[in-house]
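In what follows, chains carry the letters A, B, and so on, assigned in the order in which the sequence lines appear, proteins first and then strands, with residues in each chain numbered from 1.
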There are 2 protein chains.
Amino acid sequence: MKNCLQELRRQKGWSQADLASHLNVSRQTVNALERGRYDPSLPLAFAIARLFGRAVEQVFDPDPE
Amino acid sequence: MKNCLQELRRQKGWSQADLASHLNVSRQTVNALERGRYDPSLPLAFAIARLFGRAVEQVFDPDPE
DNA sequence: GGGGAATGTAAAGCGTTCTTTACATCTGGC
DNA sequence: GCCAGATGTAAAGAACGCTTTACATTCCCC
C-alpha cells in the first residue's frame, strides 16, 4: 500500500531513526514502511497519522494498490 | 481498539456471515473484530471503512484504548 | 580519499492476523 | 418441544508485523 511517510518525515527534517523513536518502533520498521515492504498495524498507522496531524487516509492510500 | 462494527453491520440488517462475504474474510474474523479480540490489518480496516462509507477514524477509535 | 551519519538489507525469533474445521449455545418461528 | 439460522469459541497452521543483531552501501563534509 502506498504512503507518503518519507515525504512527511523529510518535511520535519528527521532521519529514519528520529521518526522511529517518535513512534517507539525500530529504525528498520520505519525503513520497511517507507520502502513499502509491508503495511503497518492499525495502531501504528494511527500513531503515524496522529504524529503528522493527518487522517490515516491522508498518509496511507489503499486504492492505487 | 474500540470499533462500532457491530452497530454498522446491524444498521445494514446483515449477519456476521453477510458482512464477512462482503469483506472477503471468514465469519470468525468478523466475530473476532466485533468482539475486540484483535485489530484488523490496515487493508482490512480500509475495506471496512469504505464498505460503510466512513473514514477509518469513524469506525476504529484508537484513543479510548 | 577518509570518516561518520544515514540508509538498505538479512536472518532468526516472537506475537498477531487470518484461515479452516469443528462444535456449543442462543434465538425465534412453527 | 423442534428446527434452522445466528453467534461464540477452540485449535492448528500460514502469513504478516515488528524486534534485535549485524553488516553493506550511500552520502556528505572535511
Side-chain angles (χ1 to χ4, degrees):
Chain A
M1 185 183 304
K2 275 199 175 178
N3 71 71
C4 57
L5 199 47
Q6 180 168 321
E7 187 186 335
L8 291 169
R9 172 177 64 82
R10 288 187 169 155
Q11 284 174 9
K12 295 269 193 183
W14 288 344
S15 68
Q16 292 180 347
D18 292 333
L19 176 53
S21 68
H22 277 92
L23 294 171
N24 292 313
V25 296
S26 69
R27 179 181 69 80
Q28 285 79 350
T29 293
V30 169
N31 185 276
L33 294 178
E34 285 193 359
R35 303 192 56 81
R37 297 170 63 82
Y38 50 73
D39 297 321
S41 67
L42 188 57
L44 181 52
F46 272 115
I48 291 168
R50 178 169 30 202
L51 180 61
F52 291 110
R54 292 192 166 204
V56 171
E57 286 86 350
Q58 293 172 330
V59 181
F60 300 93
D61 194 353
D63 300 327
E65 162 55 8
Chain B
M1 185 183 303
K2 275 199 175 178
N3 70 70
C4 56
L5 199 46
Q6 179 167 320
E7 186 185 336
L8 291 170
R9 172 177 64 83
R10 289 187 167 157
Q11 285 174 10
K12 294 268 193 182
W14 286 345
S15 68
Q16 291 180 348
D18 292 334
L19 176 53
S21 69
H22 277 91
L23 294 170
N24 292 313
V25 296
S26 68
R27 178 181 69 80
Q28 285 79 350
T29 293
V30 168
N31 185 277
L33 294 178
E34 284 192 0
R35 302 191 56 81
R37 295 170 65 83
Y38 49 73
D39 297 322
S41 66
L42 188 57
L44 180 52
F46 271 116
I48 292 167
R50 178 169 29 203
L51 180 60
F52 290 110
R54 293 193 166 204
V56 172
E57 286 86 351
Q58 294 172 330
V59 181
F60 300 93
D61 194 353
D63 300 327
E65 163 53 12

Quick one: are Leu23(A) and Thr29(A) in side-chain contact, heavy atoms under 4.5 Å?
no
Candidates Glu34(B), Gln16(B), Arg35(B) - the one meeting side-chain contact (heavy atoms from CB on, under 4.5 Å) with Leu5(B)
Glu34(B)
Using five pairs at either end of the helix from dG1(C)-dC30(D) to dC30(C)-dG1(D), determine the angle between the two local helix axes and round it to 10 degrees.
40°
Nearest heavy atoms of Arg54(B) and Val59(B), plus distance in Å:
CB-CG2, 3.9 Å
Have a look at Ser15(B) and say if it touches a base, only the backbone sugar-phosphate, or nothing, with a 4.0 Å heavy-atom cut-off.
sugar-phosphate
Leu44(A) CG - dT17(C) C1' separation (whole Å)
15 Å
Keeping Arg9(A) on the side-chain end and Trp14(A) on the backbone end, is there a donor-acceptor pair under 3.5 Å?
yes
Taking the side chain as every heavy atom from C-beta outward, state whether Phe52(B) and Gln11(B) have any atom pair closer than 4.5 Å.
no
Sub-3.5 Å donor-acceptor pair from the side chain of Asn31(A) to the main-chain atoms of Gln28(A), do we have one?
no
Distance in angstrom units between Phe46(A) CZ and dG17(D) C1', rounded:
17 Å
Starting at atom CZ of Phe60(B), determine the distance to atom P of dT17(C), rounded to an integer number of angstrom.
11 Å
Return the value, rounded to whole Å, for the distance between atom CG of Asn24(A) and atom C1' of dT20(D).
16 Å
Rounded to the Å, how far apart are Leu23(A) CG and dC18(D) P?
10 Å
Regarding Asp18(B), tell me which of base, sugar-phosphate or nothing describes its non-hydrogen contacts under 4.0 Å with the strands shown.
nothing
Please list, by residue number, the residues of residues 27-40 of chain B whose heavy atoms come closer than 4.0 Å to an atom of DNA chain D; answer none if no residue qualifies.
Arg27(B), Gln28(B), Asn31(B), Arg35(B)
What's the NZ-P distance between Lys12(B) and dA6(D), to the nearest Å?
18 Å
Looking across every strand, which nucleic acid part, if any, lies under 4.0 Å from Ser26(A) by heavy atom: base, sugar-phosphate, or nothing?
base
When the distance from CD1 of Ile48(B) to C1' of dT17(C) is rounded to whole Å, what number comes out?
12 Å
Specify the closest pair of heavy atoms between His22(A) and Leu51(A), including all atoms of both residues, with the distance to one decimal.
CB-CD2, 3.9 Å
In short, Ala45(B) meets Leu42(A) closest at the heavy-atom pair CB-CD1, 3.9 Å
Side chain Asn3(A), main chain Leu33(A), donor-acceptor under 3.5 Å:
yes
Out of dT7(C), dT19(D), dT17(C), whichever nucleotide has its closest atom nearest the side chain of Gln16(A)
dT7(C)
So, is Ser41(B) close to the dG17(D) phosphate, meaning a side-chain N or O under 4.0 Å from OP1 or OP2?
no
